[in-house]
J.: 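Got a structure for you, questions after.
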Amino acid sequence: MVDCAPLYYLDHRKKTPPSLQSLAALHDGRAPSLHSINTNLGLHSAHTRQQFFHSKMAKLCSALCLLLGALAFLAIAAPGSGSFVERQGTQFVLDGSPYLFNGFNSYWMMTVASQPAERAKVSQVLREAAAAGLTVCRTWAFSDGGDGALQISPGVYDERVFQGLDFVISEAQSHGVRLILSLVNNYKDFGGRAQYVQWASNAGVAVSGEDDFYTNPVVKGYYKNHVQRVLTRSNTINNVAYKDDPTIMAWELINEPRCQADDSGKTVNAWVQEMASYTKSLDSKHMLEIGMEGFYGDSMPEKKQYNPGYQVGTDFITSNLIDEIDFATIHAYPDVWLAAQDDASQTAFAQRWMWSHWDDATKILKKPLVLAEFGMSKKDPGYSENLRDVYINAICTDIYNLARSGGGSLSGGLVWQVMADGMDSYYDGYEIVLSQDPSTDAVLMRQSRAMSVLAHTMSKPAGGLVGHADEVAAREQEDGVAHGARLHGVHVRHVHARDGKSSSHP
């Protein structure tokens, strides 16, 4: 779906980027005509004719750039490429070109699709998301123990639920949406670490708590078996093995790993190294990420000032430096982590959080970064749809600005979360039903357009700039760190927060 809304991103802090000014001209009618140039105008001097010619050629070039930008956005609604998204330095690339995206979370898709009568809900979300230019979806490839489980017990699977995941992958491909599939949960929702440890206990293994998930050989064996079972699964709809399907953009080792037994992050880091190596031994085609929220650990104590007042047993820097990890992720829930602070303070924290990790990705990790979860809950005090739109718009603006300044190292964001009509039992406060929330849909669509156009005007990883308009982007790549620091006010040395830990969410 394409309407006549502006094809540039609205940033209340900055003027329209020079590389996108021609897009603004399209919206307000100032775009140059593509009609033939009439040079028989009785001009009085060769100099004047030369000026006239250069002016017309400049306008023609601008119009052509505009046309290419519009075509770039139209392409995001088309069925996806048969190629794999890959990492090249700090960028994602697809078919050799920079790949930026705007996307969403819908954790529930496999569970709902396991009931054939309910699959229309999955189709609705993918259809509406694609129409808004949302091209990446993060969802669960796990459900361990309990009712409707994928993995009923270690190594025992419900084929009906697996076929639900088959449908999700096949349907995503038909709508041009790529998937990030998470393989286990940190929390007890859908089983998680606790279920794996309980299975071991039931088998007579001596375990002391959920954190044994990271260290106990039997429990780690259960997890590896699940990874192997999912990655080597052959889709019953398209007959393509998951590990060979480019619809899947990346695997995620665990949703929001945490470890109470070891705040330093060393325990989780050792587990990540082992599981990343194992996963890559099964599938070298797909990218891999951890699923971290972004909390800093002991390896760089000076970074802890950016945490919301506590640690959770992970080390963002050390774990994301592991060779087998292709890109880093962060989550941002200042409304939970800093619940006692006002909206402005929470937004400022989110922006500092994003800037700090973008700086890390660019200078230390030298890998892409994705904001894999963010949103605003309807349960927050003073919530309104307008306030949510303002917040999402602010986060999207920062994603765009940091992507532009860093040459695409902050490659996209995934809002939490998109649902279909009639899913009230799944609501967690963060739900967005695009057909029912037109203003939020419009905010997300503008971001999709902006990221798509930016990707097509960025320099390619292996070559020079695409067009003269991106000279500005090239300069900002050189001084991006200083630019980001000014933009997000990181001269603030400490983030004051209430003690405590974020409540679990799906």
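FYI, side chains are in, hydrogens and waters are out, and symmetry mates aren't considered; it's all heavy atoms of this structure.
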J.: Quick one: does R388's side chain get under 4.5 Å of Y383's, heavy atoms only?
T.: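 They are in side-chain contact.
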
J.: Are I330 and M292 close enough, and set up right, to give a side-chain contact (heavy atoms from CB on, under 4.5 Å), and what steps lead you there?
T.: CA-CA 6 Å; I330 58 172; M292 283 189 170; over 6 Å; no

J.: Apply salt bridge (Lys or Arg N to Asp or Glu O under 4.0 Å) to K243 and list each qualifying residue two or more places apart in sequence or on a separate chain.
T.: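 By the salt bridge (Lys or Arg N to Asp or Glu O under 4.0 Å) rule, K243 matches no residue at all.
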
J.: Please assess T440 against L434 for the test side-chain contact (heavy atoms from CB on, under 4.5 Å), listing each intermediate value before the final yes or no.
T.: CA-CA 7 Å; T440 306; L434 295 173; 5.6 Å; no

J.: Side chain of S448, backbone of L444: donor and acceptor closer than 3.5 Å?
T.: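 Flag set: sc S448 to bb L444 pair under 3.5 Å.
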
J.: Just by distance, do the side chain of E431 and the backbone of G429 share a donor-acceptor pair under 3.5 Å?
T.: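 Judged by distance alone, yes, a pair lies under 3.5 Å.
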
J.: Between S384 and N386, is a side-chain hydrogen bond (donor to acceptor under 3.5 Å, both in side chains) present by the stated rule, with each step listed?
T.: CA-CA 5 Å; S384 69; N386 180 68; 5.0 Å; no

J.: For S83 versus L94, what's the shortest heavy-atom pair and its separation?
T.: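 Scanning both residues completely, I find the closest heavy atoms to be O-CD1, 3.7 Å.
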
J.: Is any side-chain heavy atom of K224 closer than 4.5 Å to one of E274?
T.: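 In short, these two side chains touch, coming nearer than 4.5 Å.
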
J.: Has Q91 got a side-chain atom pairing as donor or acceptor with G407's backbone, closer than 3.5 angstrom?
T.: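 Yes, the answer is positive, given that a donor and an acceptor are paired below the 3.5 Å cut-off.
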
J.: Determine the minimum heavy-atom distance between M423 and M419, stating which atoms define it.
T.: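 Taking M423 first and M419 second, the nearest heavy atoms are SD-CB, 4.1 Å.
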
J.: Distance check, rounded to the nearest 0.5 Å: T318 atom OG1 versus N269 atom CG?
T.: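 The OG1 atom of T318 sits 5.5 Å away from the CG atom of N269.
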
J.: Run the salt-bridge test on E385 and K378 with the 4.0 Å N-O cut-off and return the result as yes or no.
T.: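 So E385 does not pair with K378 through a salt bridge.
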
J.: Has T314 got a side-chain atom pairing as donor or acceptor with F316's backbone, closer than 3.5 angstrom?
T.: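 No, the answer is negative, given that no donor and acceptor are paired below the 3.5 Å cut-off.
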
J.: Report yes or no: does S264 contribute a side-chain atom to a donor-acceptor pair with the main-chain N or O of K266 at less than 3.5 Å?
T.: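 It does hold such a pair.
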
J.: Do Y107 and F190 have ring centres separated by under 6.0 Å?
T.: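 Aromatic pair counts; centres sit under 6.0 Å.
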
J.: Over all heavy atoms of both residues, which pair between S277 and E324 is shortest? Give the atoms and the distance, please.
T.: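 Scanning both residues completely, I find the closest heavy atoms to be OG-OE2, 3.3 Å.
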
J.: Taking it one step at a time, do Q351 and T347 satisfy side-chain hydrogen bond (donor to acceptor under 3.5 Å, both in side chains)?
T.: CA-CA 6 Å; Q351 292 172 326; T347 300; over 6 Å; no

J.: May I ask you to decide whether K285 forms a salt bridge with D283, counting only side-chain N to carboxylate O separations under 4.0 Å?
T.: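 Salt bridge absent between K285 and D283.
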
J.: For the aromatic rings, using the six-membered ring if either is Trp, is the centroid distance between H286 and Y242 under 6.0 Å?
T.: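 No.
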
J.: Between L181 and I169, does the side-chain contact (heavy atoms from CB on, under 4.5 Å) criterion hold? Intermediate values first, please.
T.: CA-CA 10 Å; L181 296 181; I169 296 170; 4.3 Å; yes

J.: Which pair of non-hydrogen atoms, one from A200 and one from V218, has the smallest distance, and what is that distance?
T.: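 Taking A200 first and V218 second, the nearest heavy atoms are CB-CG1, 4.4 Å.
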
J.: V177 versus T135: any side-chain heavy-atom pair under 4.5 Å?
T.: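 No, their side chains stay 4.5 Å or more apart.
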
J.: If I compare all heavy atoms of G375 with all of Y391, which pair ends up nearest, and what's the gap?
T.: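 Looking at all heavy atoms of both residues, the closest pair is O-CE2, 3.4 Å.
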
J.: Apply the test side-chain contact (heavy atoms from CB on, under 4.5 Å) to residues F104 and L134: give CA-CA distance (whole Å), side-chain angles for both, the deciding distance (0.1 Å), then the verdict.
T.: CA-CA 7 Å; F104 64 104; L134 304 175; 3.7 Å; yes

J.: So if I apply the salt bridge (charged side-chain N to carboxylate O under 4.0 Å, His left out) rule between K304 and each of D315, D298, D263, which one comes out positive?
T.: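 Of the listed options, the one satisfying the test is D298.
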
J.: Using modelled atom types only, decide if a donor and an acceptor are shared between the side chain of H226 and the backbone of Y222 within a distance under 3.5 Å.
T.: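 Flag not set: sc H226 to bb Y222 has no pair under 3.5 Å.
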
J.: Does the Lys NZ or Arg CZ of R87 fall within the cation-pi geometry relative to F327 - under 6.0 Å from the ring centre and within 45° of the axis?
T.: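 Negative - R87 is either too far from the ring of F327 or too far off its axis.
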
J.: Establish, yes or no, whether a centroid distance under 6.0 Å links the rings of Y223 and W271.
T.: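 Yes, ring centres under 6.0 Å apart.
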
J.: Which value, rounded to the nearest 0.5 Å, describes the distance between Q273 atom CD and I290 atom CD1?
T.: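 Rounded to the nearest 0.5 Å, the CD-CD1 separation comes out at 10.0 Å.
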
J.: Verify the ring-centre separation between H331 and F295: is it less than 6.0 angstrom?
T.: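 Judged by ring-centre distance (under 6.0 Å), F295 and H331 do not meet the cut-off.
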
J.: For the pair N235 (side chain) and A241 (backbone), establish whether a donor and an acceptor sit closer than 3.5 Å, ignoring hydrogens and angles.
T.: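 It does not hold such a pair.
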
J.: In the structure I gave you, are the side-chain heavy atoms of F92 and V370 within less than 4.5 Å of one another anywhere?
T.: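 Result yes, sub-4.5 Å side-chain heavy-atom pair found.
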
J.: Assign the ring pair Y296 / H357 to parallel, tilted or perpendicular, where the plane angle (0 to 90°) is split at 30° and 60°.
T.: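 Aromatic pair Y296/H357 classed parallel.
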
J.: Is a donor from one side chain sitting under 3.5 angstrom from an acceptor on the other, for Q447 and Y400?
T.: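 Q447 vs Y400: no donor-acceptor pair found between side chains.
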
J.: Using atom types as modelled and distance alone, determine if a side-chain donor or acceptor of S281 lies under 3.5 Å from a backbone N or O of Y278.
T.: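 Checking the backbone N and O of Y278 against the side chain of S281, a donor-acceptor pair under 3.5 Å is found.
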
J.: So do the side chains of M249 and F84 get within less than 4.5 Å of each other, counting heavy atoms only?
T.: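 No, side chains not in contact.
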
J.: Drop me the distance from L371's CG to I399's CD1, to the nearest 0.5 angstrom.
T.: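 If I round to the nearest 0.5 Å, the distance is 5.0 Å.
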
J.: Please answer whether the main-chain N or O of Q341 pairs with a side-chain N or O of S345 as donor and acceptor at a distance below 3.5 Å.
T.: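 Pair absent, no side-chain N/O of S345 close to backbone of Q341.
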
J.: Could you check I180, L179, T329 and say which one makes a side chain to side chain contact (heavy atoms under 4.5 Å, CB included) with R138?
T.: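 It is I180; the other options fail the test.
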
J.: How far does OG of S143 sit from CG of D147, to the nearest 0.5 angstrom?
T.: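 With rounding to 0.5 Å, OG (S143) is 9.5 Å from CG (D147).
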
J.: How long is the span from the CZ atom in F101 to the CE atom in M451, to the nearest 0.5 Å?
T.: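 Those atoms lie 7.5 Å apart.
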
J.: Considering only heavy atoms from C-beta outward, does the side chain of F142 approach that of N185 to under 4.5 Å?
T.: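 A side-chain contact exists here, since the closest heavy-atom pair is under 4.5 Å.
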
J.: For the rings on W337 and Y310, is their centre-to-centre separation under 6.0 Å?
T.: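 Ring-ring flag for W337/Y310: false, centres at least 6.0 Å apart.
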
J.: If I take atom CZ from residue F374 and atom CG from residue L414, how far apart are they, to the nearest 0.5 angstrom?
T.: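 With rounding to 0.5 Å, CZ (F374) is 8.0 Å from CG (L414).
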
J.: Can we say R233 and D166 salt-bridge, meaning some charged N sits less than 4.0 Å from an Asp/Glu carboxylate O?
T.: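 Looking at D166 together with R233, the answer is yes, because their closest N to O distance falls below 4.0 Å.
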
J.: Please indicate whether K188 has more than 12 foreign heavy atoms, meaning atoms of other residues, nucleotides or ligands, lying under 6.0 Å from its NZ.
T.: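 It does not: K188 NZ has 12 such atoms or fewer within range.
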
J.: Locate the shortest heavy-atom distance separating S299 from I317; write the atom from each residue and the value.
T.: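 Closest approach of S299 to I317, heavy atoms only: OG-CB, 4.0 Å.
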
J.: Please determine whether a side-chain nitrogen of the Lys or Arg among D212 and R193 lies less than 4.0 Å from a carboxylate oxygen of the Asp or Glu.
T.: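 Salt bridge flag = no for R193 with D212.
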
J.: Do D428 and Q417 pass the side-chain hydrogen bond (donor to acceptor under 3.5 Å, both in side chains) test, and can you show the C-alpha distance, the side-chain angles, and the key distance before you say yes or no?
T.: CA-CA 9 Å; D428 62 354; Q417 62 169 322; 3.1 Å; yes

J.: Report yes if the side chains of V272 and I322 come closer than 4.5 Å at any heavy-atom pair, otherwise no.
T.: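 Of all side-chain heavy-atom pairs linking I322 with V272, at least one is under 4.5 Å.
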
J.: Taking the six-membered ring for Trp and the full ring for Phe, Tyr or His, determine whether the centres of W358 and W353 are under 6.0 Å apart.
T.: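 Not under 6.0 Å, so no.
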
J.: Before giving the answer on side-chain hydrogen bond (donor to acceptor under 3.5 Å, both in side chains), spell out for N186 and R258 the whole-Å C-alpha distance, their side-chain angles and the decisive distance to 0.1 Å.
T.: CA-CA 7 Å; N186 172 69; R258 294 185 172 193; over 6 Å; no

J.: Among K366, K280, K367, find the one that has a salt bridge (charged side-chain N to carboxylate O under 4.0 Å, His left out) with D326.
T.: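 Going through the options one by one, the only one that passes is K280.
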
J.: Using only atom types and a distance under 3.5 Å, with no angle test, would you say the side chain of S409 pairs donor to acceptor with the backbone of P368?
T.: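 Flag not set: sc S409 to bb P368 has no pair under 3.5 Å.
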
